[in-house]
Each structure stands twice: as structure tokens, then as C-alpha cells.
Amino acid sequence: MNPSMILDTLRRQVGVALGDLPGCSGVYALRDHHGAIRYIGIAHAEGFRVRIRNKHATGSEDRSHKFSAAYNTGRLWRDRHGSFKEDAAVSKRLRNRFILKHCTASYFELKDYTKKSDLEQIESEVIRIASDEEILWNGKFEPADEPAGLVDALISELGLSAEDRNALDRQGTRHKERPL
């Protein structure tokens with residue numbers, strides 16, 4: 001496989017909604033809410049849908065689940081080890097909905113590999129030629145500021161209760177006041 005061709009395909013492909021990803025394996029790119037590629041990875045036996053939708057999008061923010069980590073900010077913030085579990089649960093639910101609504105992925109299916117190490121080799125070659133912006137989430141990174149306008153619109157669209165809105169506001173305040 002030609003890493004340049006794979007990266008070019010990922011760049012040109014329109015981002016796919018996370019719920020529409022196939023179960024096949026290969027190289028993928030995660031796209032932020034602006035549509036920009038921010039992470040390149042591989043899906044092996046679990047396939048794109050499980051790896052991206054069920055892990056990156058809805059997994060824990062303090063692990064290697066990139067969407068969850070990238071959008072763990074503002075009213076979407078949660079400290080899973082902290083207090084205020086009920087408020088944090090509201091924030092996580094909204095963050096999951098935000099990611100599923102506004103983030104996408106591109107993928108390149110690879111059928112002709114024999115073991116995971118083959119995929120890992122291709123992944124490293126694609127990452128090596130990607131731009132710094134396209135692999136921003138591949139290492140340690142800080143989440144960007146909350147996309148407040150999109151979050152406000154989603155809160156309205158979902159018709160969240162005053163209680164849930166207050167919980168989100170408290171989480172936003174806690175996020176600002178947390179020790180760095």
C-alpha cells in the first residue's frame with residue numbers, strides 16, 4: 001500500500017457520519033467539528049464503526065479516546081474521577097451527542113493485510129507524511145475551547161430541562177476553575 005495514496009484518499013473523502021461507518025478494517029482519520037483532520041489511526045479486528053463511534057466518540061476522556069478528550073471542555077467537561085457525578089453525567093451525555101452530530105471520520109479500507117503489525121506499519125508511514133495539524137490529536141494535546149454556539153444550538157434542539165442546563169453551567173464553571 002502506498003501511504004501517499006492512502007493519505008490523499010483520506011483528505012479528499014467527505015467525512016462520514018460516525019453512525020454510518022462500516023465494520024471493515026484499515027486506516028482512518030478523525031475530523032473535528034470544522035471537518036479538519038486531527039488524528040490518524042487504524043482499526044483492526046473491531047472495524048471502523050466500533051473503534052471510532054464506540055471508543056473515540058463515547059469513551060473516557062482521560063484515555064486514548066480522541067473525540068472524548070478533544071471535546072472535554074467547557075460545559076462538555078467531566079472529571080470522571082471527581083465529585084459531582086450527576087452533573088458530569090449530563091455533560092458527558094451532551095458531549096457524546098455533540099460529537100455524533102458534528103464530527104466525522106474518513107477511512108481507507110485495507111483487506112490485504114495478514115496481521116495487526118502490517119496495519120501498524122502502514123499507519124506509521126501515513127502519520128509520518130501527514131501535516132502537524134492532521135495529527136494534532138495523535139500525541140498529548142489540550143482540548144480547544146468549547147464551540148459554544150454549536151453547544152447552545154444542540155441544547156435547544158434537544159430541549160434540555162432547566163435542571164440539565166444548570167448542571168451544564170455548573171460543569172462549565174468547574175472546568176474554568178479546575179487546577180491545571
Side-chain angles (χ1 to χ4, degrees), residues 1-74 76-81 91-92 95-147 150-151 175 178 180:
M1 274 299 115
N2 179 330
S4 295
M5 183 202 51
I6 293 171
L7 183 58
D8 186 54
T9 300
L10 294 173
R11 286 173 174 160
R12 286 185 293 108
Q13 187 182 66
V14 174
V16 176
L18 304 183
D20 295 336
L21 291 166
C24 52
S25 301
V27 179
Y28 63 86
L30 301 182
R31 294 174 174 274
D32 67 12
H33 64 284
H34 297 292
I37 293 174
R38 296 291 182 222
Y39 178 83
I40 295 173
I42 57 168
H44 178 50
E46 60 199 346
F48 296 119
R49 181 186 312 259
V50 170
R51 180 75 186 125
I52 298 170
R53 188 184 189 287
N54 296 1
K55 298 206 175 158
H56 284 302
T58 60
S60 296
E61 52 281 332
D62 59 348
R63 299 183 190 268
S64 63
H65 303 130
K66 301 305 180 175
F67 282 132
S68 290
Y71 291 98
N72 192 33
T73 184
L76 306 177
W77 180 75
R78 172 182 90 141
D79 175 359
R80 74 184 195 111
H81 302 293
S91 291
K92 177 150 173 79
R95 183 175 70 223
N96 290 349
R97 295 290 296 266
F98 178 89
I99 291 165
L100 293 174
K101 180 176 178 80
H102 293 289
C103 299
T104 60
S106 300
Y107 63 91
F108 188 93
E109 182 179 1
L110 291 169
K111 298 176 186 175
D112 300 331
Y113 71 92
T114 56
K115 50 193 183 286
K116 186 177 180 182
S117 62
D118 294 340
L119 276 179
E120 291 169 337
Q121 178 63 38
I122 293 167
E123 174 192 34
S124 69
E125 292 172 14
V126 173
I127 288 170
R128 185 178 49 76
I129 61 173
S131 73
D132 289 344
E133 288 296 310
E134 291 171 324
I135 56 171
L136 184 66
W137 297 349
N138 280 72
K140 269 207 162 284
F141 66 97
E142 288 297 316
D145 292 335
E146 174 192 309
L150 292 174
V151 172
H175 177 254
R178 78 195 186 292
L180 297 176

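Bear in mind that the values here come from a model prediction, so they are computed numbers and not experimental data.
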Nearest atoms (heavy-atom pairs only) where Gln13 meets Arg31: O-NH2, 3.2 Å
Heavy-atom side-chain proximity of Arg78 to Ser60 below 4.5 angstrom: yes
Note, Arg80 side chain near Lys92 side chain (heavy atom, < 4.5 Å): no
Thr58 side chain vs Asn96 backbone, donor-acceptor pair below 3.5 Å: no
Side-chain heavy atoms of Cys103 within contact of Leu30, under 4.5 Å: no
Shortest non-hydrogen contact from Lys115 toward His44: C-CE1, 4.4 Å
Contacts of type side chain to side chain contact (heavy atoms under 4.5 Å, CB included), residue Asp32, not counting sequence neighbours: His34, Ala36, Arg38, Tyr71, Trp137
Spatial distance of atom CG (Asp8) from atom CG (Asn2) [nearest 0.5 Å]: 9.5 Å
Salt bridge (charged side-chain N to carboxylate O under 4.0 Å, His left out) partners for Glu109, two or more places apart: none
Stepwise side-chain contact (heavy atoms from CB on, under 4.5 Å) test for Val16 and Thr104: CA-CA 5 Å; Val16 176; Thr104 60; 5.7 Å; no
Between CZ on residue Phe48 and OH on residue Tyr107, distance to nearest 0.5 Å: 7.5 Å
Heavy-atom pair of closest approach, residues Ala69 and Pro143: O-CG, 3.3 Å
Test item: Ile122 and Ile42 side chains (from C-beta on) under 4.5 Å apart, heavy atoms: no
By side chain to side chain contact (heavy atoms under 4.5 Å, CB included) - contacts of Leu150 (at least two apart): His33, Phe98, His102, Pro147
Heavy-atom donor-acceptor pair, Glu61 side chain to Trp77 backbone, under 3.5 Å: no
Where Leu100 and Ala57 come nearest, the two heavy atoms and their spacing: CD2-CB, 4.3 Å
From Ile40 atom CD1 to Ser106 atom OG, the distance as rounded to the nearest 0.5 Å: 10.0 Å
Arg49 atom CZ: more than 12 heavy-atom contacts under 6.0 Å: yes
Stepwise side-chain contact (heavy atoms from CB on, under 4.5 Å) test for Leu7 and Phe108: CA-CA 9 Å; Leu7 183 58; Phe108 188 93; over 6 Å; no
For Ser25 against Ala43, the heavy-atom pair lying closest together: CB-O, 3.1 Å
Value rounded to 0.5 Å, distance of CG in Leu110 from CG in Asp118: 10.0 Å
Within-4.5 Å side-chain heavy-atom neighbours: His175 and Asn72: no
Nearest-0.5 Å distance, CD1 of residue Ile127 to OH of residue Tyr39: 6.5 Å
Shortest non-hydrogen separation from Ile37 to Ala29 and the atoms involved: CG2-CB, 3.8 Å
Point-to-point distance, once rounded to the nearest 0.5 Å, from CD of Glu125 to OG of Ser4: 9.5 Å
Heavy-atom check, side chain of Lys66 versus side chain of Phe141, under 4.5 Å: yes
